[in-house]
Each structure stands twice: as structure tokens, then as C-alpha cells.
*Asks:* 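First the structure, then my questions, so here it is.
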Number of protein chains: 2
Amino acid sequence: MKRPTIADIARRAGVSKGAVSYALNGQPGVSEATRQRIVAIAQEIGFNPNSAARALSGASARAVGLTLARPARILSIEPFFMGLISGFEAELAARSYALTLQVVATPEQEIEVYRRWWGERRIDGVIVTDLRENDVRIPVLQQLQLPAVVIGGPGDTGKIAQVWSDDAGAITETVRYLVALGHRRIARVGGLPDLLHTQTRTRAFEEVCTALGLNEAVTMPSDYTGEEGGRATRRLLIGADRPTAVIYDNDVMAVAGLAVAQEMGLAVPGDLSIVAWDDSPLCSLVHPPLTALSRDIAEYGAHAARELLAAIDGKQVSNVEAGTAHLTPRGSTAPPR
Amino acid sequence: MKRPTIADIARRAGVSKGAVSYALNGQPGVSEATRQRIVAIAQEIGFNPNSAARALSGASARAVGLTLARPARILSIEPFFMGLISGFEAELAARSYALTLQVVATPEQEIEVYRRWWGERRIDGVIVTDLRENDVRIPVLQQLQLPAVVIGGPGDTGKIAQVWSDDAGAITETVRYLVALGHRRIARVGGLPDLLHTQTRTRAFEEVCTALGLNEAVTMPSDYTGEEGGRATRRLLIGADRPTAVIYDNDVMAVAGLAVAQEMGLAVPGDLSIVAWDDSPLCSLVHPPLTALSRDIAEYGAHAARELLAAIDGKQVSNVEAGTAHLTPRGSTAPPR
DNA sequence: AGAATTTACTGAACCGGATAAGTTGTGGAG
DNA sequence: CTCCACAACTTATCCGGTTCAGTAAATTCT
């Protein structure tokens, strides 16, 4: 099926290509009557501007990129990314930007994808997740002058905009809550240790534990998978001084931890309190429902998308804090026996 | 940063633009020596062909589209789509096709997205999920002559290729297994009732129950969410003749069902056996781990991607059956007390 | 009324590749 | 030694938009 072009519209309206372009883009240079006639014809024949032609003549590609840097087996169950994607979409669709996705295995591969996308002019900007210390992606983005927004900080990203949430505050609130319930031995199962926000959380966890006079602040490193989360939980629970409360860096590990506790005959929350970071429907699904650090991930993503679009428009964007998690108590936390 | 074009390469190599194009695309018309020289220069300056220019001059957009037609709150937790995306990606990336994503609310909106994508020449083909009876999207795809592969059949899609799995066989196997364990009252919590594969499952469920002489084959319609799955379970379990086994159309509802059973003081699998359709890590995470109908969703997605790429290349593709689920028994099924 | 400005257009160049058609230079056949 | 075929290019055109430089007519200004 031949797709209509502005030349077709021009012919039917009896004007030149240029006039059609001005009319459809709301540019001055055509009379209101002509504009309406042209718009009507475009509507009638179902015209959509060829994005390639548009991108080629200097305009933007009207697309942004997102890489997913987790193994497939984690991606499929980790609710975070899908939440993020939903949030992006809401913003992007409203301004008719497309979202281009690519699953990558390593940061190096991710850099290659950025280079290619940018070289191909396929995208106008990218959303970068999982900021690390001395992240290798940052200098590349700066060198390419590729508009970007980084999620997962705060960290050192130079001029590149960031959207981050106050993880330190959230974990402090959580520990205080558990201590108020009477817990003295609180452990944590952390996310990937080289991610910057994991480090932020670990540091804040240690600080608040020290401040409250708890003698230890054990963080078991993990990788966000259920299996690892379960293993870490088992290691924590077989010790002599087993903790009475565990904070998990994501919901998947928390659910796995709950299963391990039940399997070991420990009552939740009687023998063990559990707190999950990131509240997904998963947390309310299990029994008992999990106390969680909720934040609106979709809104977080929408916020990042807005910042990115602003950066693409050349506006100077700054670091913004958005969507800090707050504690949602449910059935998995109680005073220790 | 100025991005290099073939004109830059041509200048440095002392040849014409045309020669560069032939050299980089493996076309005849340049000597092997020149070709290597040109390729080396392209490598050195980090050349990537402008996808817009390429798409504009008749070639394909080298991108395919996927719409996600579920509310954000389901998408975030439903492992199916992410698994599918991972599978697509593996195939698409290998042939350097990009994946463009859009979240939509209704089939009508989905059609609009298809029209726009195709009109804009943004994509070369689409992957269509959630086939319905008399699906309104099919005639539009045919009219647009937009290459497509449909997942979620089998159903009537005319010339459009399909990739489907033998759901009827899987559910038959499951019911036979439960009956062999001694169950006589088996219920099911189904997915969205207007999806074709839900109907296939429902029909097959009824048939096998009749064939095995079970007096009823109750299917509670649901919508794949944990809340609805939990509610449906509760309705099933408060009846006088409550079932001793329940089959769920996805893992999220199965986990919710497990929580409801535990909350009502029923032992799983002692008082109630549970089978989940689609085995995600979620099923192994909970306690007891859920018996599930496993299939390799990523491979299913990869298969669909291969078929779509074949369709885009103009090859005649037929309906293929792929990735039929098989029963993976775990701790949630046992003979009834 | 005539000049200056504005309005409403047209025509053409341009973006960066792909590709058909034309132009050399070389070697082999006759 | 000439003619022809073919390899190895170059040149020019096209894809479908955007945008700039013109241009004729209408309007405003003095």
C-alpha cells in the first residue's frame, strides 16, 4: 500500500510541498484557510509524516533509548523495570516519542549500543540506569554529547542530569521503625554491590545502626535474584545470633527470604520481621503481606522521561530528587518475641 | 560532535560516495583492496550509517514494534512480557534490529499505534499478542500490509503468521496428573476471558474433565492480577464442595491463591493442590514452591522474532507451534487428604 | 498615489544514504 | 591491432520531509 506523502497532499490542495509542511507544523507562512484545507486533506487520507525523512532533514528522531542491563531471568520477574517503562511511556507517548529498547549483558556492550544508536541518529537521548562508581558510561555519554538522564544516583555525572530518590533517608526511617518495635539485631540483604545506590544504602544502614547503638549492621551482598536472596537469608538465619529483622533491597529477594523462613519453621513476623524495598503487587500477594518501602516507580520513570525530554530540548536540567520511598507497614513486621 | 557520514569516508579514501556505499554493503563494484581500505577508515572514525537516511532511500527501518496492552500495575509484575522481550531481543540484536515499545490501553489505541508506526515508516513489522476472537487488529494489519506475527492463537489470522503453543495439550496433561493423584474436584482460575488462548484452555479443560468423568469443571474468570486471582480463589474455597486442586492461568494469580489458602488456614498441598501456568522464578520462590506448567518464554519470543524477520524478508511463513508447556511438579501438588 | 512593508505563497537546496546509469581503464579474443 | 567485455569506479537521481531565498499580490504608511 502506497503511503501518502506531503507531495500527495500538495497536489490535492493545489499548493507546493513547502506550504504543506508549514501548514502541518503550525509554522507561519500560510493563511488560516489554506492551513485548514491542508490539515483536512491530511486527516482524510491518513497522512503520517515519514519519520526517517523528518529525522534526516535535521529534525530529531523523536525516539529515546533504554537499555536493560540484567540477565533475562532477572528481568522477567523484577517488577522495577516494567514499572519504569510504564512511567516513561506515559510521558513519551504524550509527546509522541517512541521508546527503543535493548537488552545488554555488560556496561561495555551498553556503551556500544549508545554509540551505535547515536551514530545511526536512531534516538535523541537515553535513560541510564544502575549508576556505578566511576561509571564508564558517563565519559562516553559526555564525549558523544548524547542527551541523557541518569537514574540510580546520586553520584558524579558531571553535566548529565540525574533523577534520584533519597535511599539513605528511607533506610534510616526503616531501621528506626524496627528499633522502635524492639528489634536489636537487624540485618540486610543488599543488591548488586557495585551499584551506587546499593552503596548509599549500605553506608546509611551502617550509620543509623551505629547511631542507634546496635552492635552490628550486617549487609549480605546479593544480586536481586530470588535464589541469591534465599541463600543470603539462609546464611543469616543459621548463625548463633540470628537477626530478628531483615531488610531486603528488592521485593523478589524479600519474598524468597519469606519462603526460606517458613521452610525453616520460623514464624513471620513472630520470629522474623521482613521489610522489602520497592513495593510491588508481589508484596501484597504473599502471606503474610510484606511491609515494604513503597515508591511510585512509574511516576519516578515519568519524571525521568520529562527531564530527558527537557534535556533534548536543550534546556539546562539539574539533579532532582523524586519519589522517595516511604514505609508501608503490613503483616511481616512486628515486635520480636 | 559531528557524526561522520559516507561523504567523510569518501573524502578520506579519495573515492566517491557511491563507492563507499558499495564497499560497506558488500555490493560488487569495488575492488577488494579499495573495500578493505574503506572499511578500515569507517572503523577508524567510528562510522555508523544514519538509519534515517538508510530508511529513506527505500531500505527498511531495521526496527520492529511491540505494544504492551496491559495496565501498568499488571505489567510491572507479570513476568510473561519481560520474558518475551528478552527472547525477541536476542534475535533482533543479532540482526541489529531495534525494538520499539509502546504501552497501550485498548485494542483501538493499539491499532492507532500500528497505523502511525507504519505511516511514519518507523518499523518494518510488529509482534501482536493477546489474540482475540474476531480480532479487530487483524483486518487493519492486512489492509496496511504490515508484516506481523501473532502470538496467542491459534486462531483465524488469514495470511498473517502465528506462533502458538499447545495449551489444550498442556491443560489435559495437568488434569490427568491431578486425577491420577486422586483429585476429583478440580477448579480453574482463568485469564482474561476474551483472549483466544484463554478460551482454548477453558474448552480443553471442560473436555478433559468430562472425558475423565468429573462432574464439574468450574473456571472462574479473572484478569491475571493477583487481587482478582485471590478473590477468585476465595470464592472457590468458601463453597460447600470446595475443590481440592486449582489450576491458575498465570503464576501471579497462583501465588495470590496460595496466600489466600494459607490465610484461610488451608494447608498446601495437604488441603489444596495448586498448579501455576507459566513457570517464572516466582513459582520457586514461594513456600511451598509451586508445581507449574513450564515453557521457555524467551525461546517462544525468539521464535516469534525469527518468524517476523522472515516475514519482513518477504518469505512465506506458516503457523508454527512452539514452546508447548510441560508440567514441572513441585511442592504444591499432592494427593488430597 | 507611490513607496515600504507584510502576507502567502513557490521553487530549490539540503539532509545522508542507496542505486541506476554513465565513464573510464584493462585484458583477452579475434 | 582493433574491438569488445568487464571490472572499477564516478555521476546523478531519488527517498520525503524541512527550510531558506525569492516573488507576486495585498496591505499599510506617508
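Chain identifiers are assigned alphabetically (A, B, ...) following the order of the sequence lines, protein sequences preceding nucleic acid strands; residue numbering begins at 1 within each chain. From a predicted model like this one, the values you see are computed outputs, not experimental measurements.
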*Asks:* Within the pair B:N25 and C:dA18, is there a side-chain N or O less than 4.0 Å away from OP1 or OP2?
*Replies:*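 Result: yes.
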*Asks:* Take a 6.0 Å sphere around CG of B:N25 and say whether it holds more than 12 heavy atoms from other residues, nucleotides or ligands.
*Replies:*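 Atom CG in B:N25 is crowded, with more than 12 foreign heavy atoms closer than 6.0 Å.
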*Asks:* In residues 79-92 of chain A, what donor-acceptor pairs under 3.5 Å come from side-chain atoms, sequence neighbours left out?
*Replies:*
residue, atom, partner, partner atom, Å
A:S86, OG, A:M82, O, 2.9
A:E91, OE2, A:R306, NH1, 3.0

*Asks:* Expressed as a whole number of angstroms, how long is the span from B:I6:CD1 to C:dA18:C1'?
*Replies:*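 Computing the B:I6:CD1 to C:dA18:C1' distance gives 8 Å.
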*Asks:* Between B:I41 and B:F47, is there a side-chain heavy-atom distance shorter than 4.5 Å?
*Replies:*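 No, their side chains stay 4.5 Å or more apart.
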*Asks:* B:Y22 OH to C:dG16 C1': how many Å, rounded?
*Replies:*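 In whole Å, C:dG16 C1' and B:Y22 OH are 15 Å from each other.
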*Asks:* May I ask you to check if A:R137 and A:Y114 form a cation-pi contact, with NZ or CZ under 6.0 angstrom from the six-membered ring centre and within 45° of the axis?
*Replies:*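 No cation-pi geometry.
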*Asks:* So what does A:T5 touch, heavy atoms closer than 4.0 Å: a base, only the sugar-phosphate, or nothing?
*Replies:*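 Since only primed, P, OP1 and OP2 atoms lie under 4.0 Å of A:T5, the category is sugar-phosphate.
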*Asks:* Tell me: CG of B:N48 to P of C:dG16, nearest whole Å?
*Replies:*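 Between P of C:dG16 and CG of B:N48: 14 Å.
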*Asks:* Just how far, in rounded Å, is P of C:dG16 from CG of B:D8?
*Replies:*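 Value for this atom pair: 8 Å.
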*Asks:* Take atom CD of A:E32 and atom P of C:dT7, then tell me their distance rounded to the nearest Å.
*Replies:*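 Value for this atom pair: 14 Å.
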*Asks:* Figure out the CG/P separation between A:N50 and C:dC15, and round it to whole Å.
*Replies:*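 So the two atoms are 18 Å apart, to the nearest Å.
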*Asks:* Mind calculating the distance between CG (A:L56) and P (C:dA13) to the nearest angstrom?
*Replies:*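 Distance check: A:L56 CG to C:dA13 P gives 17 Å.
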*Asks:* Using a heavy-atom cut-off of under 4.0 Å over every strand shown, decide if A:V15 touches base, sugar-phosphate, or nothing.
*Replies:*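 Since only primed, P, OP1 and OP2 atoms lie under 4.0 Å of A:V15, the category is sugar-phosphate.
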*Asks:* Any side-chain heavy-atom pair from B:V103 and B:T67 closer than 4.5 angstrom?
*Replies:*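 Result no, sub-4.5 Å side-chain heavy-atom pair not found.
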*Asks:* State, with a plain yes or no, whether a side-chain heavy atom of A:V126 is found less than 4.5 Å away from one of A:L66.
*Replies:*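 No - every pair of side-chain heavy atoms lies 4.5 Å or more apart.
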*Asks:* Of all nucleotides in DNA chain D that come within under 4.0 Å of a heavy atom of chain B, which is furthest toward the 5' end and which toward the 3' end?
*Replies:*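 The contacted stretch runs from D:dA8 to D:dG16.
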*Asks:* Are B:V320 and B:H303 close enough that some pair of their side-chain heavy atoms sits under 4.5 Å apart?
*Replies:*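 Sidechains of B:H303 and B:V320: in contact.
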*Asks:* Does C:dA8 have OP1 or OP2 under 4.0 Å away from a side-chain N or O of A:S31?
*Replies:*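 So the side-chain polar atoms of A:S31 never come under 4.0 Å of the phosphate oxygens OP1 or OP2 of C:dA8.
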*Asks:* Answer with base, sugar-phosphate or nothing: what part of the nucleic acid does A:S51 contact at a heavy-atom distance below 4.0 Å?
*Replies:*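 It contacts nothing in the nucleic acid.
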*Asks:* Looking across every strand, which nucleic acid part, if any, lies under 4.0 Å from A:S16 by heavy atom: base, sugar-phosphate, or nothing?
*Replies:*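 Base, at least one base heavy atom under 4.0 Å.
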*Asks:* Between the base of C:dG11 and the side chain of A:K17, is there a donor-acceptor distance below 3.5 Å?
*Replies:*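 A donor-acceptor contact between them is absent.
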*Asks:* Can you tell me the distance, in whole Å, between the CD atom of A:Q27 and the C1' atom of C:dA8?
*Replies:*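 Roughly 14 Å, once rounded to whole Å.
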*Asks:* B:S21 side chain: which of C:dG17, C:dA18, C:dA20 is closest?
*Replies:*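 Closest of the options to the side chain of B:S21: C:dA18.
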*Asks:* Does C:dG16 have its OP1 or OP2 closer than 4.0 Å to a side-chain nitrogen or oxygen of B:R54?
*Replies:*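 Checking C:dG16 against B:R54, no side-chain N or O comes under 4.0 Å of OP1 or OP2.
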